[in-house]
Engineer: 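Can you read through this structure? Questions will come right after.
Whatever order the structure lists ligands and atoms in, that order sets their numbers, starting from 1.
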Amino acid sequence: MADWMDLESRYYFQTQKRLPVLLVRGEGTKVYDEQGRQYLDFVAGVATVSLGHCHPVLIKAIEEQAHQLIHVSNYYYTLPQLKLAELLCQTSGLDRVFFCNSGAEAVEGAIKLTRKWGKEKKDGAYEIIVAENAFHGRTLAAVAATGTEKYRAPFTPLPEGFIRVPFNDLEAIKEATGGKTAAVLLEPIQGEGGVNVPADDYLRRVRAWCDQAGLLLVLDEVQTGIGRTGKLFAFQHYGAQPDVLTSAKGLAGGVPIGAFLAREHCAVFAPGEHGSTFGGNPLATNAGYNVLKYIVDNDVPAQVAKKGEHLERRLRSLADRHPMVTEIRGKGLLWALELDREAAEQAVRLSLDEGLLINNVKPTALRLMPPLTVSEDELDEAVDIIDRVLTRVEAGAAK
Ligand SMILES: Cc1ncc(COP(=O)(O)O)c(C=O)c1O
């Protein structure tokens, strides 16, 4: 066994089944292992490396800030944090932001904000309606909001008050709404759940129901945000402005960051009620500001929409050639291929052999989420590799 596999099995919590590759370098859509072998990266740090690996804009933002000021404390004002706050509010249409360090923390903060709002403005309402197959992260409240039973079961008792309903089913939300309901929490497109895209009018109708019933609409755009689906935020496809919005992953192009935003009417935190040592620090927010500014200034979401249409065409013709692909679904540069059998893990391994990183989001589904800067040639190359891989799977390639 290679030394690094040995080290991992010896010293690291065994929380992740890793692929047998040690990545040491990246550039654009490509990453390289320690032997110099090249891979097309269609995982992109799980939809995080938005501008590709080691983009000059991100390197410059980190480098310049590292020379200037890396970390102080939120006891003081720092400029990158405020510039990113202003840009995020202006581009999302929400009013206030809080920065943290990950998606789970952003969701956790949004849940706390919802609880406080319910206590103060809705007679103590605290229940949050969430969706089956949702994924919101691994902290206790975020995992309680998450649909996957096996992520929750080992950690009970969990924070209570999460009411689960089928995704893409407005009537179920209406039926679940009661006197204690404070909010509805949804991903506009479920990412970890398998790239589940709801009906075009679902979110708009959920928004209307929230208005009618006096509930907050909390949208988790940790995976779908920052251009991934062909708009800066996925809710912008659907005309459903949230009251609370979470972001993370692609926001700083790979530098750890999280954020939650709220409209003024529900921005109810008082001094001391929430905080984070690292949250919004100058290094992460300078990275975030420059990445987001690049994405906005260059209208990257429009480019993503165009590339997404190209990828969709290629995937549809791939599905036509391979009967084992029963469905393709997605938007922009977030796609899944549903297979007629539990062969996704095998396909991921065969793709690795062929120089492509993809992810088995479910035993029966493959997920593609390349950097937003991917070229059409790279999209074609990846689809060609998947074509060969599926042919091998169909031919009964060794597992
Ligand atoms: C929609 C959504 N919310 C929250 C999270 C959790 O983010 P993190 O892993 O940064 O805590 C994820 C991660 O995949 C996600 O997809």
Engineer: Is there a polar contact between ligand 1 and Q223, counting only N or O atoms under 3.5 Å apart?
Structural biologist: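 Yes: some nitrogen or oxygen of Q223 is under 3.5 Å from one in ligand 1.
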Engineer: What I want to find out is whether D33 reaches R37 closely enough, with some N-O distance under 4.0 Å, to be called a salt bridge.
Structural biologist: no
Engineer: Please give me the minimum heavy-atom distance between V97 and A259, naming the atom from each residue.
Structural biologist: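 That would be CG2-CB, 4.0 Å.
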Engineer: Can you tell me if V46 contacts ligand 1 (heavy atom of the residue under 4.0 Å from the ligand)?
Structural biologist: no
Engineer: Polar-atom distance check: V107 versus ligand 1, any N or O pair below 3.5 Å?
Structural biologist: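 No, there is no polar N/O contact under 3.5 Å.
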Engineer: I want to confirm something. Looking only at heavy atoms, which of I189, T224, D220, T139 is nearest to atom 3 (N) of ligand 1?
Structural biologist: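 Shortest heavy-atom distance from atom 3 (N) of ligand 1: D220.
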Engineer: Any protein heavy atom under 4.0 Å from atom 11 (O) of ligand 1?
Structural biologist: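 It does: a protein heavy atom is found less than 4.0 Å away from atom 11 (O) of ligand 1.
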Engineer: Going by an N to O cut-off under 4.0 Å, is there a salt bridge joining E149 and R152?
Structural biologist: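 R152 and E149: salt-bridged.
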Engineer: Parallel, tilted or perpendicular: which fits the ring planes of F167 and Y202, with parallel below 30° and perpendicular above 60°?
Structural biologist: perpendicular
Engineer: E187 heavy atoms, cut-off 4.0 Å: which ligand 1 atoms fall inside?
Structural biologist: 1 (C)
Engineer: For residues V304 and G230, report the shortest heavy-atom separation together with the two atoms involved.
Structural biologist: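 The pair with the smallest heavy-atom distance is CG1-N, 3.7 Å.
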Engineer: Less than 4.0 angstrom from a charged side-chain N to a carboxylate O is my criterion; do E338 and K362 meet it?
Structural biologist: yes
Engineer: Give the atom numbers and elements of ligand 1 that come within less than 4.0 Å of a heavy atom of S102.
Structural biologist: 10 (O), 11 (O)
Engineer: What residue and atom, counting heavy atoms only, is the protein's closest point to atom 8 (P) of ligand 1, and at what distance?
Structural biologist: G103 N, 3.5 Å
Engineer: Taking 4.0 angstrom as the limit and counting only heavy atoms of K249, give me the atoms of ligand 1 inside it, by number and element.
Structural biologist: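 Taking each heavy atom of K249 in turn, ligand 1 has 13 (C), 14 (O), 16 (O) under 4.0 Å.
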